[in-house]
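Since the structure comes first, as structure tokens, the remarks are kept for the end.
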Protein chains: 2
Amino acid sequence: MAAGSIDRRVARTRSRLQQALLKLTAEKEYGAVTVEDICREADVGRSTFYTHYPDKECLRKATIDEHMKSLQAGGAERHSMRDFESFSFSGPAFAHAYATREMHRGLMGGAKREIPQEIRDWVSGQIRRELVGIADGGKDRVRLEIATRFVTGAFFEVMHWWLDGDGRLPPQEVDRMFQKLAFDGVGTALAARDDGGS
Amino acid sequence: MAAGSIDRRVARTRSRLQQALLKLTAEKEYGAVTVEDICREADVGRSTFYTHYPDKECLRKATIDEHMKSLQAGGAERHSMRDFESFSFSGPAFAHAYATREMHRGLMGGAKREIPQEIRDWVSGQIRRELVGIADGGKDRVRLEIATRFVTGAFFEVMHWWLDGDGRLPPQEVDRMFQKLAFDGVGTALAARDDGGS
DNA sequence: AAGATACTGGACGGCGTGTCCAGTATTGGT
DNA sequence: ACCAATACTGGACACGCCGTCCAGTATCTT
């Protein structure tokens, strides 16, 4: 077999396992899903699981990677370096999460907030990049870093809260509030009666 | 024996177990600490453990409760309802966490961000209470809620980042930046060269 | 077709959990 | 100081899940 190509069986099995994980993780806490559960759902032998992934966590990572990849294929015309009234990542993120809520509740780790490090880092990276635009030069790295963390934490918490809710609040609305809070702070965002952004 | 009083042996054992948990959890991930580890560290029979706590998680909760209690005993003159330039909870929180960093790294769940729900809720409550002061009446509950979550997430992420660091940044500094970010937003906080608050 | 490769399913040892119990301290009440 | 009540001990047990291994079978690629 040529080195780069992939056996149909392999692709099939991996896909099945990933699908199974997504399904189960939408039903219950990731931590409560056993390898056996996954295999049963995927209709794959348990020993087969281990020929593909060393453990459950690796399957999760692979699943996330795959998911991210398919996302980036969808939209690449995001970076228009706007005048800076908004983060460009958060809108699409909220919209995407909304489209497949059940899955994201699982992927992002339900009540326990066990967000996979990769996702956290990826989002952090996005935020940092956007914040660099505001910060004056790189002369205060600590300040940039703390702001990055601040926004990252806020973002995930808002996302969690929203996903745990009943889904009545539309993604644009959440994004708008999030952005306002991030840019203007609670002082402005809460005190002023605001009326729907620009 | 009188109904309310507590047998010395019980108090002793529970204290030992809690101390052991704190110590171990400072050394490694909470999830990686086994009941057996705790018992060995505490020098308590494993079966004894289960006569006091149904499982590891309950011990954690009890430990946290105890900790909180001892905290509230320490300082009760906090609520001066200031003019609203700051959250009153965060300063003491950063200061306290700083004083016993190793322990807090454990209690707040190291890299995994597994913050016990009780702590999260407690902090959320503080924040919500303080935010009510800014919000105009209770006519927009969603807005208040989203702001609460926003600040909560930001707070914990900043706290984590800071605890994971080398400890060179003093608590007052972190608190100052946190407050500025929360109240004025990243726009103001990052763009302006600021010089140390009032 | 045939050799390479992947899947199966069952067995194994290991570890951690939570329960139970008979035997042994320690305690608090009188 | 005694003694009944209560707590601690340590070892055994069944359970569930993990990760590994292997001989047998199915499926792919060339």
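Throughout, protein chains are lettered first and strands after them, A, B, ... in sequence-line order, and every chain is numbered starting at 1.
Residues from residues 33-43 of chain B with heavy atoms under 4.0 angstrom of DNA chain C, sorted by number: B:T34, B:V35, B:E36. Across residues 9-27 of chain A, A:R9 each have a non-hydrogen atom less than 4.0 Å from an atom of DNA chain D (numbered order). Contact check of residues 44-59 of chain A against DNA chain D (heavy atom, cut-off under 4.0 Å) returns A:R46, A:S47, A:Y50, A:D55.
One axis for each end of the helix from C:dA1-D:dT30 to C:dT30-D:dA1, each built from five base pairs, and the angle between them comes to 30° at 10° resolution.
Residues A:R143 and B:K180 have side chains not in contact (no heavy-atom distance under 4.5 Å, counting atoms from C-beta outward). At a threshold of 4.5 Å between non-hydrogen side-chain atoms, the residues A:R128 and A:E145 count as touching.
Looking at B:H160 and B:H104, their side chains never bring a donor and an acceptor atom within 3.5 Å of each other. Side chains of A:S124 and A:D121: no donor on one and acceptor on the other come within 3.5 Å.
Taking A:F156 as the reference, nothing meets the ring-ring contact (aromatic ring centres under 6.0 Å, His included) condition, with sequence neighbours excluded. For B:E173, the salt bridge (Lys or Arg N to Asp or Glu O under 4.0 Å) partners at least two apart in sequence or on another chain are B:R176.
Ring centroids of A:W161 and B:F150 are separated by 6.0 Å or more, keeping the two rings apart. Taking the six-membered ring for Trp and the full ring otherwise, A:F155 and A:F87 have centroids separated by 6.0 Å or more.
Per the geometry, CG belonging to A:D7 stands 6 Å off C1' belonging to C:dA6, to the nearest Å.
Contact between A:L163 and A:A97 at its shortest, heavy atoms only, is CD2-O, 4.2 Å.
Remark: B:K56 qualifies as a cation-pi partner of B:Y30 under the 6.0 Å distance and 45° angle criteria applied to the six-membered ring. At least one test fails for A:K61 against the ring of A:Y53: distance under 6.0 Å to the centre or angle within 45° of the axis.
The closest donor-acceptor contact from the side chain of B:E130 to the backbone of B:S88 lies under 3.5 Å.
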